[in-house]
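Single-structure report; data block below.
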Amino acid sequence: QVQLVESGGGLVQPGGSLGLSCAASGNIHSIYGLGWYRQAPGNQRALVAEATVGGSTNYADFVKGRFTISRDDAKNTVTLQMNNLQHEDTAVYYCHARALVTITHTDDYWGQGTQVTVSS
């Protein structure tokens with residue numbers, strides 16, 4: 001079992017910045033990947049950025065150069081620094097954890113989500 005709690009959402013003007021944080025608890029030793037997804041009304045939930053225990057990071061093309069993901073294994077947290085936000089970034093942002101159960105099986109965990117609204 002893994003629990004994820006997000007914080008840091010809010011309202012920001014275009015070109016502004018926001019920082020999101022996620023704290024993981026429970027069976028944190030099983031977490032392989034930790035990252036962020038987002039979902040806007042009418043759209044599917046999409047990957048924003050993720051980080052693995054090996055230190056690799058992966059970013060969606062639409063955020064490369066603007067967002068930065070950071071993982072702190074000692075604190076069991078992951079943050080997302082979002083810069084130069086645009087209207088299309090408006091969405092509910094979800095913290096996500098992928099836990100390794102066996103070599104061939106993983107479980108996915110989700111936070112409740114935090115609203116990010118970019119508006120002038």
Side-chain angles (χ1 to χ4, degrees):
Q1 299 180 3
V2 174
Q3 295 81 44
L4 304 172
V5 180
E6 307 104 331
S7 63
L11 176 66
V12 65
Q13 294 184 350
S17 300
L18 280 176
L20 305 180
S21 296
C22 175
S25 61
N27 189 18
I28 54 92
H29 302 288
S30 67
I31 298 176
Y32 174 78
L34 194 60
W36 296 89
Y37 285 68
R38 72 186 189 187
Q39 186 170 22
N43 295 332
Q44 295 183 349
R45 191 170 299 185
L47 172 71
V48 177
E50 64 179 358
T52 69
V53 293
S56 298
T57 58
N58 182 38
Y59 293 91
D61 288 339
F62 53 80
V63 303
K64 286 183 178 178
R66 299 189 297 126
F67 293 8
T68 302
I69 188 169
S70 299
R71 180 173 178 172
D72 189 333
D73 291 329
K75 297 181 179 180
N76 301 316
T77 60
V78 62
T79 64
L80 184 69
Q81 180 62 45
M82 304 184 293
N83 298 324
N84 193 24
L85 286 160
Q86 305 298 314
H87 289 104
E88 55 265 34
D89 295 317
T90 296
V92 177
Y93 284 70
Y94 296 90
C95 186
H96 169 259
R98 174 155 290 179
L100 183 65
V101 180
T102 69
I103 195 66
T104 58
H105 178 72
T106 59
D107 285 339
D108 293 303
Y109 298 89
W110 299 93
Q112 187 174 354
T114 184
Q115 178 70 48
V116 173
T117 301
V118 184
S119 177
S120 59

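Throughout, residue positions are numbered sequentially from 1 according to the sequence presented.
- Taken together through direct or relayed side-chain contacts under 4.5 Å among Ile, Leu, Val, Met, Phe, Trp and Tyr, Leu47 and Tyr94 form part of one hydrophobic cluster.
- Minimum heavy-atom separation, Tyr59 to Lys64: O-CE, 3.4 Å.
- Heavy atoms of other residues, nucleotides or ligands lying less than 6.0 angstrom from CD of Glu88 number more than 12.
- Here the OG-CG distance, from Ser25 to Asn76, works out to 8.5 Å after rounding to the nearest 0.5 Å.
- Linking Ile, Leu, Val, Met, Phe, Trp and Tyr whenever their side-chain heavy atoms come within less than 4.5 Å puts Val12 and Met82 in one cluster.
- Considering CD of Gln1 and CG of Asn27, their distance stands at 8.5 Å, rounded to 0.5 Å.
- Leu80 and Leu18 fall within a single hydrophobic cluster, where Ile, Leu, Val, Met, Phe, Trp and Tyr side chains are chained together by heavy-atom contacts under 4.5 Å.
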request  = Apply side chain to side chain contact (heavy atoms under 4.5 Å, CB included) to Leu11 and Ser119, showing your working.
outcome  = CA-CA 7 Å; Leu11 176 66; Ser119 177; 4.2 Å; yes
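- Nearest heavy atoms, Ala97 versus Leu34: CB-CD1, 3.8 Å.
- Expressed to the nearest 0.5 Å, how far OG of Ser120 lies from NE2 of His87 amounts to 4.0 Å.
- Glu6 and Gln112 make their closest contact through OE1-N, 3.1 Å (heavy atoms, listed as atom of the first residue, atom of the second, distance).
- Taking the six-membered ring for Trp, Trp36 and Phe67 have ring centres at least 6.0 Å apart.
- Nearest heavy-atom pair across Ile31 and Arg71 is O-NH2, 3.4 Å.
- Nearest approach of Val78 to Cys95, heavy atoms of both residues: CG1-SG, 4.0 Å.
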His29 and Leu100: CA distance, side-chain angles, deciding distance, side chain to side chain contact (heavy atoms under 4.5 Å, CB included) verdict = CA-CA 9 Å; His29 302 288; Leu100 183 65; over 6 Å; no
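- Judged purely by distance below 3.5 Å, without hydrogens or angles, the side chains of Gln115 and Thr117 pair a donor atom with an acceptor atom.
- Here the OG1-OH distance, from Thr52 to Tyr32, works out to 4.5 Å after rounding to the nearest 0.5 Å.
- A continuous path of hydrophobic side-chain contacts links Tyr93 to Ile69 [ILVMFWY only; heavy atoms under 4.5 Å].
- Side-chain contact check for Tyr37 versus Gln44: every heavy-atom pair is 4.5 Å or farther apart.
- Across every non-hydrogen atom of Gly15 and Gln86, the tightest pair is N-NE2, 4.2 Å.
- By the rule that hydrophobic residues join a cluster once side-chain heavy atoms approach within less than 4.5 Å of another member, Val5 and Val2 end up as members of separate clusters.
- One finds the OG1 atom of Thr79 at 9.0 Å from the CG atom of Leu20 (value rounded to the nearest 0.5 Å).
- No side-chain N or O of Thr77 forms a donor-acceptor pair with one of Asp72 less than 3.5 Å apart.
- A cation-pi arrangement is absent between Arg98 and Tyr109 under the rule of less than 6.0 angstrom and at most 45 degrees off the ring axis.
- Once rounded to the nearest 0.5 Å, the distance linking CD of Gln81 with CG of Asn83 reads 5.0 Å.
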